[in-house]
Protein chains: 2
Amino acid sequence: MLTNACKYAIRAVIYLALNSDADKKLGAKQIASELDVPQAFLAKLLRKLSSDKLISSAKGPGGGFFLNKENLEKTVWDIITAIDDQQKLDDCFLGLVKCNSENPCPVHYIAAPFKEQLLNDFKKKTIAVMAEEMVENGTVITLNRFI
Amino acid sequence: MLTNACKYAIRAVIYLALNSDADKKLGAKQIASELDVPQAFLAKLLRKLSSDKLISSAKGPGGGFFLNKENLEKTVWDIITAIDDQQKLDDCFLGLVKCNSENPCPVHYIAAPFKEQLLNDFKKKTIAVMAEEMVENGTVITLNRFI
DNA sequence: AAAATAAAGGACTAAATTGTCCTTTACCGA
DNA sequence: TCGGTAAAGGACAATTTAGTCCTTTATTTT
């Protein structure tokens with residue numbers, strides 16, 4: 001449903017939200033190794049996110065990536081649309097061109113509420129809120145570290 | 001989540017369930033045009049389904065594909081596993097290696113019930129039951145015809 | 001038997017996705 | 001101001017998925 005690229009990007013941004021700020025920048029290599037993701041590939045994704053102002057960056061020694069206030073107000077949806085040229089989240093699960101309640105595919109009534117909820121979450125919740133919720137809930141989003 | 005190949009295959013089998021039997025076989029070309037799917041590609045998929053005994057076929061004039069009693073007892077899951085070498089339906093939505101209730105990704109609690117329901121449906125319901133439900137519910141699964 | 005029909009099979013091409021690598025640019029600290 | 005560091009950028013390679021095309025085989029009809 002989401003490409004690898006997109007998943008990597010989302011995880012990286014969440015990781016940055018939880019672990020970086022202007023005074024604590026993280027290098028692409030470091031993030032990649034924490035998330036266990038191909039580093040050159042992630043670096044490319046981070047560049048895209050940075051040029052789209054979804055994350056911040058600084059060159060040179062002590063440089064790296066981090067999230068500023070504005071970045072924290074972005075949504076997962078912003079990331080998805082930045083990375084995946086055309087996302088397929090709302091496509092019919094069985095590939096029907098037009099699948100809706102009048103003309104539902106066999107799994108429409110299972111898939112529809114899920115997709116709605118998911119899209120709602122992705123579009124409404126900011127990165128900041130998502131990160132906050134994880135901390136509040138004690139949801140240790142270890143990404144790949146302790147697994 | 002499912003490949004195109006898989007979606008095409010599922011739609012084709014459902015179409016066969018609703019429109020074919022031993023006395024009314026359907027050619028690959030006909031099915032492909034009804035479903036608006038690339039015909040050579042679908043033909044290849046139908047071969048695979050046939051060699052896996054998920055659908056039946058007959059060569060020569062008047063030949064084509066159809067479902068027999070045994071075929072109707074197969075499940076959508078059988079189709080998925082036949083077509084997609086390794087399906088990714090239960091993978092974490094954000095690509096975490098291990099995503100579960102102890103270590104949930106940010107959308108785990110949205111995705112988990114959906115995936116469970118979907119997998120359950122795919123694994124338990126036979127093609128016959130699915131087709132029957134569609135007829136009962138007046139769910140006109142037009143695939144691509146009237147859309 | 002011959003012709004037509006349709007699946008079986010497999011080689012091949014195309015496109016998208018995933019990933020690597022190398023060079024350039026900017027920045028910092030000594 | 002020079003060396004090192006890390007992002008920016010872009011060319012390139014590899015893999016997977018998608019799709020085409022041509023030949024062979026089996027079956028039916030005439």
Side-chain angles (χ1 to χ4, degrees), chain A residues 1-9 11-12 16 20 22-33 35-68 71 80 82-88 91 95, chain B residues 1-9 11-12 16 20 22-33 35-68 71 80 82-88 91 95:
Chain A
M1 233 152 170
L2 296 179
T3 60
N4 278 359
C6 211
K7 292 176 178 180
Y8 295 166
R11 288 167 59 195
L16 284 170
S20 83
D23 298 323
K24 192 172 156 201
K25 293 157 192 155
L26 301 175
K29 280 169 202 164
Q30 185 181 349
I31 302 169
S33 94
L35 302 188
D36 193 29
V37 147
Q39 73 172 237
F41 192 48
L42 181 63
K44 184 198 273 184
L45 298 173
L46 292 171
R47 286 203 297 272
K48 176 74 167 110
L49 293 174
S50 178
S51 80
D52 283 14
K53 311 285 186 203
L54 300 181
I55 66 177
S56 304
S57 68
K59 285 183 175 182
F65 298 95
F66 63 99
L67 300 192
N68 63 21
N71 301 146
I80 293 172
I83 300 293
D84 285 354
D85 297 336
Q86 39 141 30
Q87 98 303 336
K88 300 154 200 157
D91 284 0
Chain B
M1 232 152 170
L2 296 179
T3 60
N4 277 0
C6 211
K7 292 177 179 181
Y8 295 166
R11 289 168 57 196
L16 284 171
S20 82
D23 297 323
K24 193 174 157 200
K25 294 157 192 156
L26 301 174
K29 280 169 201 163
Q30 185 182 349
I31 301 169
S33 95
L35 303 188
D36 194 29
V37 146
Q39 72 174 236
F41 192 48
L42 181 64
K44 184 199 273 186
L45 298 172
L46 292 172
R47 286 203 296 274
K48 175 77 168 109
L49 293 174
S50 178
S51 81
D52 283 13
K53 313 285 186 200
L54 300 181
I55 66 177
S56 305
S57 68
K59 286 183 175 182
F65 297 95
F66 63 100
L67 301 191
N68 62 22
N71 301 147
I80 293 172
I83 301 294
D84 285 354
D85 297 337
Q86 39 140 31
Q87 99 301 335
K88 301 155 200 156
D91 283 3

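The analysis underlying the following values was restricted to heavy atoms, covering all of them including side chains, and did not include hydrogens, waters or symmetry mates. So you know, we letter chains A, B, ... as the sequences are listed, proteins then strands, and number each from 1.
Here A:K7 contributes atom NZ and A:M1 contributes atom CE; the two are 10.5 Å apart, rounded to the nearest 0.5 Å. Of the inter-residue distances, the one linking B:I83 atom CD1 with B:C6 atom SG reads 6.5 Å to the nearest 0.5 angstrom. Here the CG-CD1 distance, from A:L45 to A:I31, works out to 11.0 Å after rounding to the nearest 0.5 Å. Between atom CG of residue B:L35 and atom CD of residue B:Q30 there is a gap of 10.0 Å, rounded to the nearest 0.5 Å. Taken to the nearest 0.5 Å, the NZ atom of A:K25 stands 12.5 Å off from the CG atom of A:L16. Going from atom NZ of A:K88 over to atom OG1 of A:T3 covers 7.5 Å, rounded to the nearest 0.5 Å.
Across the protein-nucleic acid pair, B:K25 atom NZ and C:dT5 atom C1' stand 13 Å apart, rounded to whole Å. Atom CZ in A:F66 sits roughly 15 Å away from atom P in D:dA6 (whole-Å rounding). Atom pair A:Q30:CD and D:dT5:P shows a separation of 15 Å (rounding to whole Å applied). What separates NZ of A:K48 from C1' of D:dA8 is a distance of 14 Å, to the nearest Å. With rounding to whole Å, A:D52 atom CG is found 12 Å from D:dA8 atom P. Between B:I83 atom CD1 and D:dG19 atom C1' there is a gap of 14 Å when expressed in whole angstrom units.
For the pair A:S56 and A:N68, the tightest heavy-atom approach, listed with the atom from each and the gap, is OG-ND2, 3.0 Å. Of all heavy-atom pairs between A:F65 and A:S20, the closest is O-CB, 4.1 Å. Between B:L54 and B:L67 the shortest heavy-atom distance is O-CD2, 4.0 Å.
Across all strands shown, B:S51 has no heavy atoms under 4.0 Å from either base or sugar-phosphate atoms. Among the heavy atoms of the strands lying under 4.0 Å from B:L26 are primed sugar atoms or P, OP1, OP2 only; no base atom is included.
Pairs engaging residues 49-62 of chain A under the salt bridge (Lys or Arg N to Asp or Glu O under 4.0 Å) rule: A:K48-A:D52 [sequence neighbours left out]. Annotation: ring pair (Phe, Tyr, Trp, His ring centres under 6.0 Å) contacts involving residues 41-63 of chain A, sequence neighbours excluded, comprise A:Y8-A:F41.
Distances shown here put a side-chain N or O of A:S50 below 4.0 Å from the OP1 or OP2 atom of D:dA8. Considering only side-chain N and O atoms, B:Y8 lies nowhere under 4.0 angstrom from the phosphate OP1 or OP2 of D:dA18.
Using a 4.0 Å cut-off on heavy atoms, the residues of residues 38-46 of chain A that approach DNA chain D are A:K44, listed by number.
The side chain of B:F65 lies closest to C:dA7 when the candidates are C:dA7, D:dG9, C:dG9.
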Between the protein and nucleotides 22-26 of chain D, list the N/O to N/O atom pairs that are separated by less than 3.5 angstrom.
{"from": "D:dT25", "atom 1": "O2", "to": "B:K59", "atom 2": "NZ", "distance (Å)": "3.2"}
{"from": "D:dA26", "atom 1": "O4'", "to": "B:K59", "atom 2": "NZ", "distance (Å)": "3.1"}

Short N/O separations, protein against nucleotides 15-17 of chain D, under 3.5 angstrom:
{"from": "D:dT17", "atom 1": "OP1", "to": "B:K88", "atom 2": "NZ", "distance (Å)": "3.1"}

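The residue among A:G63 and A:R47 whose nearest nucleotide of DNA chain D is located toward the 5' end is A:G63.
Residues passing the side chain to side chain donor-acceptor pair (under 3.5 Å) test with B:S51, sequence neighbours excluded: none.
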